[in-house]
Amino acid sequence: MVKTVFFLGATGYIGGSVLQHLLGTPGEYSITALVRNADKAKKLETFGVKTILGNLDDSDKIQQAAADADITIHTAHADHVGAAKAILAGAKVRFEKTGVAPIYIHTSGTGVFTDHALGTHYDPAKLPLYDDSNRAVLDSIPDSAVHRNVDLIVLGGDEEGYVKSYIVLPSTIYGLLTGKLVDAGIANPHSIQIPIAIKASILRGQGAVVGPGENEWPHVEIHELSDLYIRLLKAAIDGTATHGRDGLYIGENGTYLLKDAAKTYTRALHAAGKSRTPEPESFTKEDIDKYFGGPYLGSNSRAKAVRAKRDLGWAPTKGDADFFKSIEEEVASILADPHGTELHELR
Ligand SMILES: NC(=O)c1ccc[n+]([C@@H]2O[C@H](COP(=O)([O-])OP(=O)(O)OC[C@H]3O[C@@H](n4cnc5c(N)ncnc54)[C@H](OP(=O)(O)O)[C@@H]3O)[C@@H](O)[C@H]2O)c1
(Lines give C-alpha, C1' and ligand atoms only; values in the text may rest on other atoms or scores of the structure.)
Protein backbone atom coordinates (compact mmCIF):
# COMPACT_ATOMS: atom_id res chain seq x y z
CA MET A 1 0.00 0.00 0.00
CA VAL A 2 1.19 3.54 -0.79
CA LYS A 3 2.58 5.23 2.32
CA THR A 4 1.88 8.89 2.97
CA VAL A 5 4.99 10.87 3.88
CA PHE A 6 5.25 14.39 5.30
CA PHE A 7 8.72 15.73 4.48
CA LEU A 8 10.52 18.71 6.08
CA GLY A 9 13.80 19.95 4.58
CA ALA A 10 13.12 18.87 0.98
CA THR A 11 15.25 21.68 -0.47
CA GLY A 12 18.22 21.01 1.81
CA TYR A 13 21.41 19.02 1.54
CA ILE A 14 20.31 16.04 3.62
CA GLY A 15 16.65 16.35 2.72
CA GLY A 16 17.23 16.73 -1.01
CA SER A 17 19.39 13.65 -0.97
CA VAL A 18 16.83 11.54 0.89
CA LEU A 19 13.93 12.83 -1.19
CA GLN A 20 15.71 11.94 -4.43
CA HIS A 21 15.85 8.34 -3.21
CA LEU A 22 12.14 8.34 -2.38
CA LEU A 23 11.32 9.70 -5.82
CA GLY A 24 13.32 6.84 -7.32
CA THR A 25 10.62 4.34 -6.30
CA PRO A 26 7.44 5.77 -7.83
CA GLY A 27 4.20 4.40 -6.46
CA GLU A 28 5.64 3.57 -3.04
CA TYR A 29 5.18 6.92 -1.35
CA SER A 30 2.78 9.83 -1.63
CA ILE A 31 4.88 12.77 -0.49
CA THR A 32 3.87 16.16 0.87
CA ALA A 33 6.69 18.61 1.61
CA LEU A 34 6.76 21.78 3.69
CA VAL A 35 8.65 24.34 1.58
CA ARG A 36 9.15 28.05 2.33
CA ASN A 37 10.32 29.15 -1.12
CA ALA A 38 7.39 29.42 -3.55
CA ASP A 39 9.51 28.97 -6.70
CA LYS A 40 11.12 25.81 -5.35
CA ALA A 41 7.72 24.52 -4.25
CA LYS A 42 6.44 24.94 -7.80
CA LYS A 43 9.43 23.09 -9.21
CA LEU A 44 9.06 20.30 -6.67
CA GLU A 45 5.47 19.75 -7.73
CA THR A 46 6.70 18.85 -11.23
CA PHE A 47 8.38 15.84 -9.58
CA GLY A 48 5.03 14.68 -8.18
CA VAL A 49 5.59 16.07 -4.68
CA LYS A 50 2.67 17.90 -3.11
CA THR A 51 3.76 21.02 -1.27
CA ILE A 52 2.63 23.15 1.64
CA LEU A 53 4.04 26.67 1.61
CA GLY A 54 5.33 27.50 5.04
CA ASN A 55 8.18 27.57 7.47
CA LEU A 56 9.09 25.76 10.65
CA ASP A 57 7.21 28.27 12.81
CA ASP A 58 3.92 27.35 11.11
CA SER A 59 2.94 24.91 13.83
CA ASP A 60 -0.67 24.49 12.72
CA LYS A 61 0.34 23.51 9.17
CA ILE A 62 3.00 21.12 10.46
CA GLN A 63 0.66 19.51 12.99
CA GLN A 64 -2.05 18.99 10.36
CA ALA A 65 0.37 17.55 7.80
CA ALA A 66 1.90 15.19 10.38
CA ALA A 67 -1.60 14.08 11.42
CA ASP A 68 -2.33 13.28 7.76
CA ALA A 69 0.79 11.12 7.21
CA ASP A 70 1.88 7.56 8.00
CA ILE A 71 5.45 8.83 8.16
CA THR A 72 7.12 12.17 8.91
CA ILE A 73 10.74 12.68 7.83
CA HIS A 74 12.25 15.82 9.33
CA THR A 75 15.64 16.86 7.94
CA ALA A 76 15.19 20.63 8.18
CA HIS A 77 16.54 21.67 11.57
CA ALA A 78 17.99 19.70 14.47
CA ASP A 79 17.34 22.52 16.95
CA HIS A 80 13.84 23.73 16.15
CA VAL A 81 11.72 22.97 19.21
CA GLY A 82 8.43 24.20 17.73
CA ALA A 83 8.62 22.03 14.62
CA ALA A 84 9.37 18.87 16.62
CA LYS A 85 6.52 19.62 19.02
CA ALA A 86 4.09 20.25 16.15
CA ILE A 87 5.06 16.97 14.46
CA LEU A 88 4.46 15.12 17.72
CA ALA A 89 1.12 16.86 18.25
CA GLY A 90 0.07 15.74 14.77
CA ALA A 91 1.29 12.21 15.39
CA LYS A 92 -0.76 12.06 18.59
CA VAL A 93 -3.92 13.14 16.78
CA ARG A 94 -3.29 10.45 14.16
CA PHE A 95 -2.68 7.77 16.80
CA GLU A 96 -5.86 8.67 18.65
CA LYS A 97 -7.82 8.43 15.39
CA THR A 98 -6.25 5.28 13.91
CA GLY A 99 -4.79 3.39 16.87
CA VAL A 100 -1.55 3.05 14.89
CA ALA A 101 1.55 4.94 16.02
CA PRO A 102 2.97 6.83 13.01
CA ILE A 103 6.68 6.80 12.15
CA TYR A 104 8.77 9.91 12.86
CA ILE A 105 12.33 9.99 11.47
CA HIS A 106 14.09 12.94 13.03
CA THR A 107 17.51 14.42 12.20
CA SER A 108 19.89 15.31 15.01
CA GLY A 109 23.69 15.18 14.69
CA THR A 110 26.85 14.01 16.38
CA GLY A 111 27.17 17.56 17.69
CA VAL A 112 25.33 16.00 20.63
CA PHE A 113 28.55 14.14 21.47
CA THR A 114 30.88 17.16 21.65
CA ASP A 115 33.12 18.87 24.17
CA HIS A 116 34.50 22.42 24.43
CA ALA A 117 38.10 21.62 23.47
CA LEU A 118 39.00 24.77 21.47
CA GLY A 119 40.96 22.72 18.96
CA THR A 120 42.74 20.40 21.39
CA HIS A 121 42.41 16.61 21.33
CA TYR A 122 39.66 15.08 23.48
CA ASP A 123 40.18 13.81 26.98
CA PRO A 124 38.74 10.27 26.98
CA ALA A 125 37.91 10.61 30.67
CA LYS A 126 35.62 13.54 29.86
CA LEU A 127 34.28 12.59 26.42
CA PRO A 128 33.36 8.92 25.99
CA LEU A 129 32.99 7.16 22.65
CA TYR A 130 29.26 7.20 21.92
CA ASP A 131 28.50 3.86 20.29
CA ASP A 132 24.89 3.91 19.14
CA SER A 133 24.36 0.28 20.11
CA ASN A 134 25.33 1.06 23.71
CA ARG A 135 22.18 2.23 25.46
CA ALA A 136 23.99 3.07 28.72
CA VAL A 137 26.40 5.51 27.06
CA LEU A 138 23.58 7.09 25.03
CA ASP A 139 21.46 7.56 28.14
CA SER A 140 24.42 9.37 29.73
CA ILE A 141 24.32 12.23 27.15
CA PRO A 142 23.97 15.44 29.18
CA ASP A 143 20.59 17.17 28.80
CA SER A 144 22.55 20.36 28.03
CA ALA A 145 24.31 18.85 24.97
CA VAL A 146 23.80 20.44 21.54
CA HIS A 147 20.56 19.21 19.85
CA ARG A 148 19.68 17.19 22.97
CA ASN A 149 16.72 19.34 24.03
CA VAL A 150 14.90 18.53 20.80
CA ASP A 151 15.99 14.87 20.82
CA LEU A 152 14.53 14.50 24.32
CA ILE A 153 11.21 15.97 23.15
CA VAL A 154 11.13 13.45 20.29
CA LEU A 155 12.04 10.57 22.60
CA GLY A 156 9.30 11.70 24.99
CA GLY A 157 6.69 11.13 22.27
CA ASP A 158 7.97 7.62 21.69
CA GLU A 159 7.95 6.90 25.42
CA GLU A 160 4.28 7.90 25.57
CA GLY A 161 3.59 5.34 22.84
CA TYR A 162 1.69 7.45 20.30
CA VAL A 163 4.63 7.68 17.83
CA LYS A 164 7.59 5.52 16.84
CA SER A 165 10.64 7.76 16.75
CA TYR A 166 13.90 7.12 14.95
CA ILE A 167 16.69 9.67 15.30
CA VAL A 168 19.48 9.86 12.72
CA LEU A 169 22.68 11.50 13.95
CA PRO A 170 24.90 12.39 10.98
CA SER A 171 28.50 13.35 11.70
CA THR A 172 30.39 15.79 9.42
CA ILE A 173 28.66 15.12 6.13
CA TYR A 174 30.83 15.62 3.06
CA GLY A 175 30.61 15.49 -0.71
CA LEU A 176 28.79 17.58 -3.27
CA LEU A 177 25.23 16.33 -3.57
CA THR A 178 24.30 15.32 -7.10
CA GLY A 179 20.98 14.27 -8.62
CA LYS A 180 17.81 15.51 -10.23
CA LEU A 181 16.72 17.83 -7.42
CA VAL A 182 20.13 19.55 -7.52
CA ASP A 183 20.04 19.77 -11.33
CA ALA A 184 16.59 21.36 -11.09
CA GLY A 185 17.93 24.03 -8.71
CA ILE A 186 15.80 22.75 -5.82
CA ALA A 187 18.20 21.02 -3.42
CA ASN A 188 21.30 22.54 -1.82
CA PRO A 189 24.37 20.58 -2.95
CA HIS A 190 26.66 21.78 -0.12
CA SER A 191 27.23 20.63 3.43
CA ILE A 192 27.81 22.99 6.36
CA GLN A 193 30.86 22.32 8.50
CA ILE A 194 33.86 22.13 6.17
CA PRO A 195 32.38 24.61 3.64
CA ILE A 196 31.97 27.26 6.34
CA ALA A 197 35.63 26.87 7.40
CA ILE A 198 36.66 27.17 3.74
CA LYS A 199 34.50 30.27 3.22
CA ALA A 200 35.84 31.95 6.38
CA SER A 201 39.38 31.18 5.20
CA ILE A 202 38.70 32.78 1.81
CA LEU A 203 37.13 35.85 3.39
CA ARG A 204 40.18 36.42 5.65
CA GLY A 205 42.66 35.62 2.87
CA GLN A 206 44.35 32.80 4.74
CA GLY A 207 43.40 29.19 5.51
CA ALA A 208 42.83 28.60 9.21
CA VAL A 209 41.54 26.23 11.87
CA VAL A 210 40.32 26.63 15.46
CA GLY A 211 43.30 26.48 17.85
CA PRO A 212 45.84 23.81 16.90
CA GLY A 213 43.13 21.74 15.15
CA GLU A 214 44.01 18.59 17.07
CA ASN A 215 40.29 17.98 17.61
CA GLU A 216 38.62 15.02 15.95
CA TRP A 217 35.26 14.45 14.27
CA PRO A 218 33.67 11.52 12.46
CA HIS A 219 32.56 11.87 8.84
CA VAL A 220 30.05 10.37 6.43
CA GLU A 221 29.49 10.81 2.70
CA ILE A 222 26.15 12.41 1.71
CA HIS A 223 24.86 9.76 -0.73
CA GLU A 224 25.81 6.99 1.69
CA LEU A 225 24.05 8.83 4.50
CA SER A 226 20.84 8.99 2.51
CA ASP A 227 21.09 5.23 2.00
CA LEU A 228 21.04 4.95 5.80
CA TYR A 229 17.82 6.99 5.94
CA ILE A 230 16.17 4.83 3.27
CA ARG A 231 17.18 1.58 4.95
CA LEU A 232 15.90 2.94 8.24
CA LEU A 233 12.62 4.01 6.66
CA LYS A 234 12.07 0.57 5.12
CA ALA A 235 12.92 -1.22 8.36
CA ALA A 236 10.63 1.13 10.31
CA ILE A 237 7.78 0.34 7.90
CA ASP A 238 8.49 -3.41 8.22
CA GLY A 239 8.58 -3.03 11.99
CA THR A 240 12.12 -4.44 12.23
CA ALA A 241 13.97 -1.25 13.26
CA THR A 242 14.28 -0.48 16.95
CA HIS A 243 12.88 2.89 17.98
CA GLY A 244 12.82 5.36 20.87
CA ARG A 245 15.90 5.25 23.06
CA ASP A 246 17.05 2.17 21.12
CA GLY A 247 16.40 4.02 17.88
CA LEU A 248 19.38 6.37 17.63
CA TYR A 249 21.28 5.77 14.37
CA ILE A 250 24.68 7.45 13.96
CA GLY A 251 25.94 8.16 10.42
CA GLU A 252 29.71 7.75 10.46
CA ASN A 253 32.37 5.86 8.52
CA GLY A 254 35.74 7.25 9.63
CA THR A 255 37.31 10.13 11.53
CA TYR A 256 39.53 13.13 10.79
CA LEU A 257 41.50 15.76 12.65
CA LEU A 258 40.39 19.31 11.90
CA LYS A 259 44.02 20.33 11.28
CA ASP A 260 44.30 17.76 8.47
CA ALA A 261 41.12 19.07 6.87
CA ALA A 262 42.52 22.61 7.22
CA LYS A 263 45.83 21.59 5.63
CA THR A 264 43.92 20.22 2.65
CA TYR A 265 41.76 23.32 2.04
CA THR A 266 44.55 25.76 2.80
CA ARG A 267 46.83 24.07 0.25
CA ALA A 268 44.06 24.18 -2.34
CA LEU A 269 43.23 27.83 -1.54
CA HIS A 270 46.89 28.82 -1.73
CA ALA A 271 47.19 27.16 -5.14
CA ALA A 272 44.16 29.22 -6.25
CA GLY A 273 45.67 32.45 -4.87
CA LYS A 274 43.15 32.68 -2.02
CA SER A 275 45.44 31.97 0.94
CA ARG A 276 48.64 33.86 1.68
CA THR A 277 50.46 30.67 2.71
CA PRO A 278 49.83 26.95 2.09
CA GLU A 279 49.86 26.12 5.82
CA PRO A 280 46.83 26.88 8.01
CA GLU A 281 47.07 29.28 10.94
CA SER A 282 44.63 29.58 13.85
CA PHE A 283 41.44 31.61 13.51
CA THR A 284 41.52 34.58 15.86
CA LYS A 285 38.84 34.94 18.55
CA GLU A 286 37.31 37.72 16.39
CA ASP A 287 37.20 35.39 13.36
CA ILE A 288 35.54 32.67 15.42
CA ASP A 289 32.83 35.01 16.69
CA LYS A 290 32.35 36.67 13.32
CA TYR A 291 32.21 33.60 11.08
CA PHE A 292 30.97 30.82 13.36
CA GLY A 293 29.29 32.53 16.31
CA GLY A 294 31.42 30.47 18.69
CA PRO A 295 34.18 27.85 18.81
CA TYR A 296 32.01 24.85 17.82
CA LEU A 297 34.52 23.92 15.08
CA GLY A 298 37.11 23.45 17.84
CA SER A 299 35.12 20.69 19.51
CA ASN A 300 35.67 16.95 19.37
CA SER A 301 32.83 14.60 18.52
CA ARG A 302 33.21 10.92 19.37
CA ALA A 303 30.63 8.68 17.75
CA LYS A 304 30.55 5.16 16.36
CA ALA A 305 27.93 3.86 13.94
CA VAL A 306 27.19 0.30 14.96
CA ARG A 307 23.41 0.04 14.89
CA ALA A 308 22.78 0.88 11.22
CA LYS A 309 25.62 -1.35 10.05
CA ARG A 310 24.51 -4.23 12.26
CA ASP A 311 20.71 -3.97 12.03
CA LEU A 312 20.00 -2.25 8.72
CA GLY A 313 22.72 -3.74 6.51
CA TRP A 314 24.09 -0.24 5.96
CA ALA A 315 27.52 -0.76 4.40
CA PRO A 316 29.19 2.54 3.52
CA THR A 317 32.39 2.17 1.53
CA LYS A 318 33.61 5.78 1.43
CA GLY A 319 36.30 6.53 3.98
CA ASP A 320 39.06 8.94 4.98
CA ALA A 321 40.63 9.27 1.51
CA ASP A 322 37.24 10.16 0.01
CA PHE A 323 36.70 12.73 2.75
CA PHE A 324 39.96 14.55 1.99
CA LYS A 325 39.37 14.37 -1.77
CA SER A 326 35.95 15.94 -1.27
CA ILE A 327 37.53 18.95 0.46
CA GLU A 328 39.47 19.77 -2.72
CA GLU A 329 36.25 19.43 -4.74
CA GLU A 330 34.42 21.66 -2.26
CA VAL A 331 37.10 24.36 -2.56
CA ALA A 332 36.86 24.26 -6.37
CA SER A 333 33.07 24.44 -6.23
CA ILE A 334 33.00 27.37 -3.79
CA LEU A 335 35.56 29.29 -5.86
CA ALA A 336 33.64 28.67 -9.08
CA ASP A 337 30.38 30.01 -7.60
CA PRO A 338 29.92 33.80 -7.66
CA HIS A 339 27.91 33.47 -4.42
CA GLY A 340 30.28 30.81 -3.07
CA THR A 341 31.43 32.71 -0.02
CA GLU A 342 27.97 33.61 1.28
CA LEU A 343 27.89 32.48 4.89
CA HIS A 344 25.09 30.46 6.43
CA GLU A 345 24.36 29.87 10.07
CA LEU A 346 26.53 27.13 11.60
CA ARG A 347 24.14 24.57 13.10
N1 LIG B 1 25.36 18.99 6.93
C2 LIG B 1 25.90 18.36 7.96
O3 LIG B 1 27.12 18.02 7.98
C4 LIG B 1 25.05 18.00 9.14
C5 LIG B 1 25.54 17.05 10.05
C6 LIG B 1 24.77 16.73 11.15
C7 LIG B 1 23.55 17.33 11.37
N8 LIG B 1 23.10 18.24 10.47
C9 LIG B 1 21.81 18.90 10.78
O10 LIG B 1 20.84 18.55 9.83
C11 LIG B 1 19.96 19.66 9.58
C12 LIG B 1 19.89 19.89 8.07
O13 LIG B 1 21.19 20.07 7.59
P14 LIG B 1 21.49 20.32 6.04
O15 LIG B 1 22.97 20.23 5.88
O16 LIG B 1 20.61 19.48 5.21
O17 LIG B 1 21.05 21.87 5.93
P18 LIG B 1 20.48 22.67 4.67
O19 LIG B 1 21.07 22.23 3.40
O20 LIG B 1 20.61 24.11 5.05
O21 LIG B 1 18.93 22.28 4.63
C22 LIG B 1 18.00 22.74 5.55
C23 LIG B 1 16.61 22.51 4.99
O24 LIG B 1 15.65 22.90 5.96
C25 LIG B 1 14.90 24.01 5.46
N26 LIG B 1 14.71 24.96 6.55
C27 LIG B 1 15.61 25.40 7.45
N28 LIG B 1 15.05 26.27 8.29
C29 LIG B 1 13.76 26.40 7.89
C30 LIG B 1 12.66 27.17 8.35
N31 LIG B 1 12.78 28.00 9.39
N32 LIG B 1 11.47 27.03 7.71
C33 LIG B 1 11.35 26.19 6.65
N34 LIG B 1 12.36 25.43 6.16
C35 LIG B 1 13.54 25.54 6.78
C36 LIG B 1 15.74 24.61 4.35
O37 LIG B 1 14.92 25.35 3.46
P38 LIG B 1 15.51 26.47 2.47
O39 LIG B 1 16.02 25.72 1.26
O40 LIG B 1 14.35 27.32 2.18
O41 LIG B 1 16.62 27.17 3.20
C42 LIG B 1 16.30 23.34 3.75
O43 LIG B 1 15.31 22.66 3.01
C44 LIG B 1 20.55 20.85 10.36
O45 LIG B 1 19.85 21.05 11.56
C46 LIG B 1 21.95 20.42 10.67
O47 LIG B 1 22.43 20.94 11.90
C48 LIG B 1 23.80 18.58 9.36
Side-chain angles (χ1 to χ4, degrees), residues 6-20 33-44 49 51-59 61-62 65 73-84 86-87 105-114 145-151 154 167-177 179 181-182 184-198 217-226 228-229 248-253 256 258 261 292-293 296-297 299 301 303 305 323 326-327 330 342-347:
F6 174 43
F7 204 102
L8 298 93
T11 57
Y13 179 61
I14 300 175
S17 175
V18 174
L19 184 55
Q20 285 179 164
L34 179 83
V35 180
R36 60 179 164 182
N37 177 310
D39 290 341
K40 289 192 176 186
K42 226 181 264 167
K43 284 187 193 169
L44 209 45
V49 176
T51 59
I52 298 169
L53 263 188
N55 64 54
L56 296 178
D57 295 320
D58 289 324
S59 298
K61 291 182 184 177
I62 294 174
I73 302 177
H74 179 13
T75 63
H77 204 308
D79 301 313
H80 201 289
V81 171
I87 291 167
I105 299 182
H106 179 75
T107 303
S108 178
T110 66
V112 75
F113 312 124
T114 47
V146 180
H147 311 317
R148 186 65 172 167
N149 59 331
V150 176
D151 292 1
V154 176
I167 301 183
V168 181
L169 301 107
S171 49
T172 297
I173 313 171
Y174 68 89
L176 294 168
L177 177 63
L181 295 183
V182 175
I186 297 170
N188 165 29
H190 298 282
S191 189
I192 301 173
Q193 221 170 339
I194 298 297
I196 201 171
I198 296 171
W217 266 74
H219 57 67
V220 63
E221 198 271 339
I222 181 64
H223 302 90
E224 296 196 326
L225 176 72
S226 54
L228 187 162
Y229 275 85
L248 271 61
Y249 296 83
I250 289 171
E252 162 275 320
N253 199 41
Y256 68 101
L258 271 285
F292 316 126
Y296 185 61
L297 288 180
S299 64
S301 172
F323 170 73
S326 82
I327 294 177
E330 192 69 59
E342 278 174 13
L343 288 170
H344 300 276
E345 187 192 356
L346 180 58
R347 288 187 264 120

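Sequence positions, counted from 1, serve as the residue numbers for this chain. All ligand and atom numbering here is 1-based and tracks the order in the structure.
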Using a strict cut-off of 4.0 Å, indicate which atoms of ligand 1 neighbour a heavy atom of [X].
X	answer
Thr107	10 (O)
Ser191	1 (N), 2 (C), 3 (O)
His77	45 (O)
Gly9	23 (C), 24 (O), 43 (O)

Any side-chain heavy atom of [X] sitting closer than 4.5 Å to one from [Y]?
X	Y	result
Phe7	His74	no
Asn188	Thr11	no
Thr114	Val146	yes
His106	Val150	yes

Any [X] heavy atom less than 4.0 Å from ligand 1:
X	result
Arg36	yes
Ser171	yes
Ala83	no
Thr75	yes

Ignoring angles and geometry beyond distance, decide whether [X] reaches within less than 3.5 Å of ligand 1 through its nitrogen or oxygen atoms.
X	result
Asp79	no
Gly109	no
Gly15	no

Taking the inter-plane angle between the rings of Phe323 and His219 on a 0 to 90° scale, is it parallel (under 30°), tilted (30 to 60°) or perpendicular (over 60°)?
parallel
Calculate, to the nearest 0.5 Å, the distance between atoms [atom1] and [atom2] belonging to [X] and [Y] respectively.
X	Y	atom1	atom2	answer
Ile14	Ser226	CD1	OG	10.0 Å
Asp57	Ile62	CG	CD1	8.0 Å
Thr51	Arg36	OG1	CZ	15.0 Å

Would you say the side-chain atoms of Tyr256 and Thr172 include a donor-acceptor pair closer than 3.5 Å?
yes
Just go through [options] and tell me whose heavy atom is the nearest to [atom].
atom	options	value
atom 22 (C) of ligand 1	Gly82, Gly16, Ala76, Ser108	Ala76
atom 10 (O) of ligand 1	Val146, Leu56, Ile14, Thr110	Ile14
atom 43 (O) of ligand 1	Leu177, Thr11, Ile186, Asn55	Thr11

For the pair Lys61 (side chain) and Leu53 (backbone), establish whether a donor and an acceptor sit closer than 3.5 Å, ignoring hydrogens and angles.
yes
For Asn37, which part has a heavy atom under 4.0 Å from ligand 1: side chain, backbone, both, or neither?
neither
